[in-house]
Amino acid sequence: MPNHTSKPLVLVDGSSYLFRAFHALPPLTNSHGEPTGAMHGVLNMLDKLRKDYDPEHMAVIFDAPGKTFRDDMFPDYKANRPPMPDDLRGQIEPLLDIIKAQGYPLLIIPDVEADDVIGTLAQEYAGKVIISTGDKDMAQLVDARVHLINTMSGLYSDPAGVVEKFGVAPERIRDYLTLIGDTVDNVPGVNKVGPKTAVKWLAEYGSLENIMAHADEFKGKVGEYLREALAHLPLSYELVTIKCDVALDCSPEALTFTPPDVDKLHALYERYEFRTRLAGLGKETPPNLPLSGEEQEGGASGSPPDKGELEGVSSAEGVSYQTILTQADLDTWLQRLQAAAEFAFDTETTSLDYMEAQIVGVSFAINAGEAAYLPLAHDYLGAPPQLDRDATLAQLKPLLEDPALRKIGQNLKYDRSVLLNHGIELRGIAHDTMLESYVLDSTANRHDMDTLCAKYLNHTNISFIDIAGKGKNQLTFNQIALEQATPYAAEDADMTLQLHQHFWPQLQALDAQRKLYEEVEVPLVSVLSSIERNGVKVDATMLAKQSKELETRMQEVVKQAYAAADQEFNLASPKQLGEILYTKLGLHAPRKTPKGQPSTAEDVLEELAAQGHELPTLILEHRGLAKLKSTYTDKLPEQINPRTGRVHTSYHQAVASTGRLSSSDPNLQNIPIRTEEGRRIRQAFIADTGNKLLAADYSQIELRIMAHLSGDKGLLDAFAHGLDVHRATAAEVFGTPLAEVSIEQRRAAKAINFGLIYGMSAFGLAKQLGVDRRDAQDYVNLYFARYPGVKQYMDDTREQARAQGYVETLFGRRLFLPDIQSKNAATRQYAERTAINAPMQGTAADIIKKAMIAVAAWLRDSGLQTRMIMQVHDELVFEVPEAELETVRAQVTALMTTAVTLDVPLVVDSGVGDNWDEAH
DNA sequence: GGAGTCACG
DNA sequence: GACGTACGTGACTCCA
């Protein structure tokens with residue numbers, strides 16, 4: 001925190017804030033359409049600085065237009081800078097006029113950049129100096145006397161702060177910047193050297209000078225790049241150096257405030273419609289100003305300029321964002337929300353961890369362009385008094401829990417969880433814009449709000465990084481000033497509403513998709529949220545013991561590998577391994593990776609191992625052990641929530657293009673099962689005391705769906721008679737009686753069946769089976785001769801994809817495939833394989849989602865204590881009190897079996913145990 | 001941050 | 001004749 005004991009000289013880097021405010025704030029304008037956002041931003045920051053430091057000496061410094069001495073040194077300097085946007089250019093002149101009229105000393109020195117003016121003034125002043133800037137280069141000026149404050153993020157930097165942020169001391173910042181270079185200003189550094197390498201080198205060699213002196217010691221590609229850069233580094237060093245000795249005709253002591261020019265300010269405020277400031281001047285407000293924002297909540301008139309535009313951020317074009325700070329304002333909004341047909345809302349919180357997040361504020365929108373932010377827990381120094389959080393949430397609770405009040409949100413699964421942390425059960429989830437976007441186009445890369453706004457509303461949202469910073473110094477929302485929090489949070493609610501208004505008519509026009517959205521995706525939100533919050537009990541002690549055992553075995557393998565290679569190397573590095581296998585030992589590389597490296601992938605090493613080489617066998621064993629240890633036995637215990645003692649994953653509902661869910665942090669959908677060693681990890685997934693785990697999974701669901709979609713008689717019959725489908729396939733393809741199918745034949749048939757689901761080629765099947773390609777082709781031909789319906793379905797699907805540009809699941813979930821028309825054969829074939837696979841994988845996903853909703857509804861209505869705790873694509877896992885086991889097992893199986901009706905029976909297998917392994 | 005690898009369905 | 005070669009995910013390590 002700033003030191004207030006002696007009054008410092010405050011120097012403001014106006015140019016840096018001008019750009020940042022312009023990009024960070026919404027495009028506010030006055031009623032004539034003149035942009036004012038950047039002006040608001042800079043003026044609010046000046047208010048804040050003056051209030052925080054109460055300086056006697058202060059100056060606001062801007063770059064002068066035109067060239068500077070740096071351009072003379074290096075003609076390409078700043079050549080990469082985009083031209084200034086017109087909307088920003090127009091704000092500069094009036095902003096400077098206002099700053100001058102407010103009485104701030106304003107410095108714009110021709111031929112000298114603002115940085116150098118600031119550096120020189122800081123140098124000349126005897127006492128403490130605070131430089132307010134958003135520019136990282138300024139860190140080179142920091143010492144015991146000169147500190148930085150980033151007034152937008154609140155980050156304060158003294159020498160220790162610089163070390164923390166950059167990893168080097170202020171004296172080495174110029175060395176650091178020189179090595180890295182600056183692409184925006186077009187200052188060349190060392191190719192491929194970024195912050196990490198720069199810090200590492202400086203830690204090792206102490207200074208740029210010493211690095212350059214020992215340039216021949218640097219190995220590899222970067223070493224070459226460093227030596228190439230030697231010639232231009234001195235110039236770059238000059239360019240990044242802030243001059244502290246430019247000629248100024250004023251001394252820092254002369255930088256004092258002048259009395260405000262009230263008449264001039266009045267005229268400017270009126271012109272740009274800064275009503276709160278106008279009111280602060282104490283003159284009478286003319287009655288003919290256009291209304292927006294402020295007037296609705298009243299009480300703004302006469303507020304001191306300190307409060308800035310806090311009590312109502314507004315502009316023309318109908319955008320009005322309000323801050324709710326009084327019970328009267330809250331009452332007004334509660335009434336409006338209660339009366340609205342539906343409304344959008346969004347929560348701001350202390351954390352992205354849905355189990356731990358606490359509410360900082362809530363925003364609401366009922367009509368597009370009009371929103372309010374209700375701050376409840378901003379606790380930065382100087383934060384204005386806010387309504388009491390618990391008392392206010394208690395007033396919101398009846399609205400949020402009313403199933404008849406329709407809510408719209410973006411990723412409401414998160415908001416539901418956050419509200420539950422405060423004892424509020426969100427009901428009336430009507431729309432989730434993330435899911436609207438996903439159902440309309442699952443192949444879009446991202447469905448987050450910033451992406452959707454940019455894509456569909458042509459609107460750039462305020463970026464969270466701009467108001468909170470990034471990295472480990474990122475602020476949490478409670479530390480964000482209300483001046484910035486309100487436009488950000490209110491915009492979230494407003495944009496959610498506008499996105500919904502954009503998507504909803506499109507969905508309504510598509511019957512199957514609308515139904516999928518309303519009957520599957522939206523109801524699933526609460527189900528997934530409950531599964532996440534239920535969590536899974538994991539035995540950390542058991543995993544720790546396994547970690548130790550794995551470690552011991554790995555060390556043995558490493559020793560043997562060093563002996564086999566006749567040298568030490570990193571077994572985990574594909575690059576080093578490749579060199580040893582293919583260069584040193586002279587083995588023949590069976591194939592290369594897509595990037596051209598000789599491959600060391602599992603199947604390749606297995607092939608080499610089969611040829612009798614020792615090292616590949618050891619590597620495979622080491623990899624297996626390392627994977628289990630690092631991903632599972634080491635990491636899972638760290639992810640146990642100390643409060644609940646359980647692991648809480650996140651299920652993503654809008655990630656997989658086929659309609660599946662995905663799971664992360666931790667991923668509970670890829671816990672090992674295929675090896676004995678791996679299954680031990682499943683044994684650490686346990687039931688709570690008095691409970692058992694119940695695992696229920698669909699048997700062969702994708703093949704059953706293939707039978708249903710294709711309508712192939714033979715395949716349908718096989719399932720209808722409850723046959724082992726791989727055995728039945730083998731009997732057909734190899735012309736053997738069912739009872740005489742060999743193990744080998746069944747294995748081949750199984751590979752064919754899987755291959756079909758994936759849209760395989762004969763080549764792929766041959767590789768999988770280890771047979772000749774012609775033999776594989778024979779199998780495929782035989783298969784299609786026996787199951788002509790499947791062949792027809794595959795051909796029809798590819799044709800449909802080509803004709804319409806998308807494929808659909810049984811329930812109308814669409815997956816777009818623009819690449820199906822590609823001229824590039826590889827790209828096109830990839831799209832064709834996806835076309836074959838997506839309807840089957842996607843239909844399976846639709847079915848289990850329907851089953852989850854049905855099971856969750858039954859569990860809720862039955863009053864049982866059983867909890868659904870995991871979904872793994874075709875499997876659901878429950879934690880069941882022993883007394884409920886029989887009932888739950890029977891009913892879960894029944895509900896999953898009858899979730900949908902197909903032309904084939906659905907079969908569900910289930911198991912019960914004390915741990916997940918036993919339950920299989 | 002990309003590439004390579006490997007865990008699951 | 002060449003293209004590349006079975007779908008969908010997430011996490012870890014290496015290396016720049």
Side-chain angles (χ1 to χ4, degrees), chain A residues 190-197 200 220-223 225 442 570-578 591-605 619-620 623-632 634-636 639 649-652 655-675 677-678 681-682 697-698 700-702 751-768 773 776 815 822-842 844-845 848 870-875:
Chain A
V190 177
N191 195 8
K192 300 291 167 207
V193 168
K196 285 277 179 292
T197 310
K200 201 175 89 189
K221 255 318 187 208
V222 261
Y225 292 136
S442 66
N570 186 345
L571 273 70
S573 165
K575 205 179 155 190
Q576 294 183 26
L577 175 62
R591 78 177 147 86
K592 298 197 166 180
T593 67
K595 264 306 257 327
Q597 296 271 322
S599 173
T600 63
E602 186 176 15
D603 57 321
V604 170
L605 295 186
I619 296 294
L620 284 171
R623 278 198 189 151
L625 298 171
K627 178 82 177 182
L628 290 179
K629 182 167 185 293
S630 68
T631 308
Y632 302 107
D634 284 352
K635 293 289 158 54
L636 269 174
Q639 309 200 45
T649 183
S650 290
Y651 288 104
H652 306 287
V655 169
S657 58
T658 53
R660 273 192 179 178
L661 300 176
S662 80
S663 155
S664 71
D665 309 296
N667 182 352
L668 296 186
Q669 293 181 323
N670 71 346
I671 304 300
I673 191 171
R674 290 172 187 170
T675 65
E677 195 61 55
I681 290 162
R682 290 207 168 206
D697 68 286
Y698 283 109
Q700 308 288 2
I701 190 163
E702 291 187 10
I752 295 173
N753 280 330
F754 271 100
L756 285 165
I757 293 171
Y758 297 146
M760 66 164 180
S761 61
F763 179 96
L765 182 63
K767 194 162 58 125
Q768 181 70 32
R773 182 180 169 159
L815 189 143
S822 173
K823 298 260 185 287
N824 179 314
T827 308
R828 188 178 61 249
Q829 285 165 4
Y830 183 30
E832 285 176 357
R833 292 196 295 272
T834 309
I836 298 294
N837 174 258
M840 293 184 265
Q841 191 181 119
I848 197 166
M870 283 188 278
Q871 190 256 36
V872 192
H873 307 307
D874 64 357
E875 171 184 4

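Below, each value reflects all heavy atoms present in this structure, side chains not excepted, and no hydrogens, waters or symmetry copies. Labels below follow one simple rule: chain letters A, B, ... track the order of the sequence lines, proteins then strands, and each chain is numbered from 1.
Comparing dT5(B) with dT5(C), their P atoms are spaced 14 Å from each other, to the whole Å. Separating the C1' atom of dA6(C) from that of dC8(B) is a span of 16 Å, rounded to the nearest Å. Taking atom P on both nucleotides, dG4(B) is separated from dG4(C) by 15 Å, rounded to a whole Å.
Using a 4.0 Å heavy-atom criterion, one finds that A831(A) contacts no nucleic acid atom at all. Residue-level contact check: I673(A) touches the backbone only, with heavy atoms under 4.0 Å from sugar-phosphate atoms and none from bases.
Contact annotation: S657(A) side-chain N/O to dT9(C) OP1/OP2 distance is under 4.0 Å. Phosphate contact (OP1/OP2 of dG8(C), side-chain N/O of Y830(A), threshold under 4.0 Å): present. Within the structure, every side-chain polar atom (N or O) of T658(A) is placed at least 4.0 Å from both OP1 and OP2 of dT9(C). The phosphate of dA6(C) (OP1 or OP2) has no side-chain N or O of R833(A) nearer than 4.0 angstrom.
When the nucleotides dT5(C), dC3(C), dG8(C) are ranked by their closest atom to the side chain of H873(A), dG8(C) comes out on top. Listed candidates were dA6(C), dG9(B), dA7(B). Nearest to the side chain of Y632(A) is dA7(B).
We find that CZ of F754(A) is positioned 12 Å from C1' of dC7(C), with the value rounded to whole Å. Straight-line distance from the CD atom of E832(A) to the P atom of dG4(C): 16 Å, rounded to whole Å. Computed from coordinates, the I681(A) CD1 to dC8(B) P distance equals 9 Å when rounded to whole Å. Between the P atom of dT5(C) and the NZ atom of K767(A) lies a distance of 8 Å, rounded to the nearest Å. Distance, R623(A) CZ to dG4(B) C1': 8 Å, rounded to whole Å. Here dC6(B) presents its C1' atom at 11 Å from CG of L620(A), a figure rounded to the nearest Å. Taking atom CD of E875(A) as the reference point, atom P of dG9(B) lies 8 Å away to the nearest angstrom. Going from atom CZ of R682(A) over to atom P of dA7(B) covers 13 Å, rounded to whole Å.
Nearest heavy-atom pair, M840(A) versus L756(A), reported as atom, atom and distance to 0.1 Å: CE-O, 4.2 Å. Of all heavy-atom pairs spanning A844(A) and I701(A), the tightest one is CB-CG2, 4.0 Å. Scanning both residues, Y651(A) and Q669(A), for their nearest heavy atoms gives CE2-NE2, 4.0 Å. For the pair S657(A) and S442(A), the tightest heavy-atom approach, listed with the atom from each and the gap, is O-OG, 2.7 Å.
Between the side chain of Q841(A) and the base of dC7(C), at least one donor-acceptor pair of N or O atoms lies under 3.5 Å. Within 3.5 Å, a donor on the side chain of R674(A) pairs with an acceptor on the base of dG9(B), or the reverse. For Q768(A) against dA6(C), a side-chain-to-base donor-acceptor contact under 3.5 Å is present.
Between L815(A) and Q841(A), the closest side-chain pair of non-hydrogen atoms is not below 4.5 Å.
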## Note on the structure
Its contact letters, B for base, S for sugar-phosphate only and - for none at protein heavy atoms under 4.0 Å, make nucleotides 10-16 of chain C read BBSSSSS
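Not a single side-chain hydrogen bond (donor to acceptor under 3.5 Å, both in side chains) links D874(A) to another residue, sequence neighbours left out.
Rounding to the nearest 0.5 angstrom, the gap separating the CG atom in L636(A) from the CG atom in L668(A) is 7.0 Å.
Checked options S662(A), S664(A), S663(A); the residue passing with T649(A) is S663(A) (criterion: side-chain hydrogen bond (donor to acceptor under 3.5 Å, both in side chains)).
For dA2(C), there is no paired base (Watson-Crick or G-U wobble, both distances below 3.5 Å).
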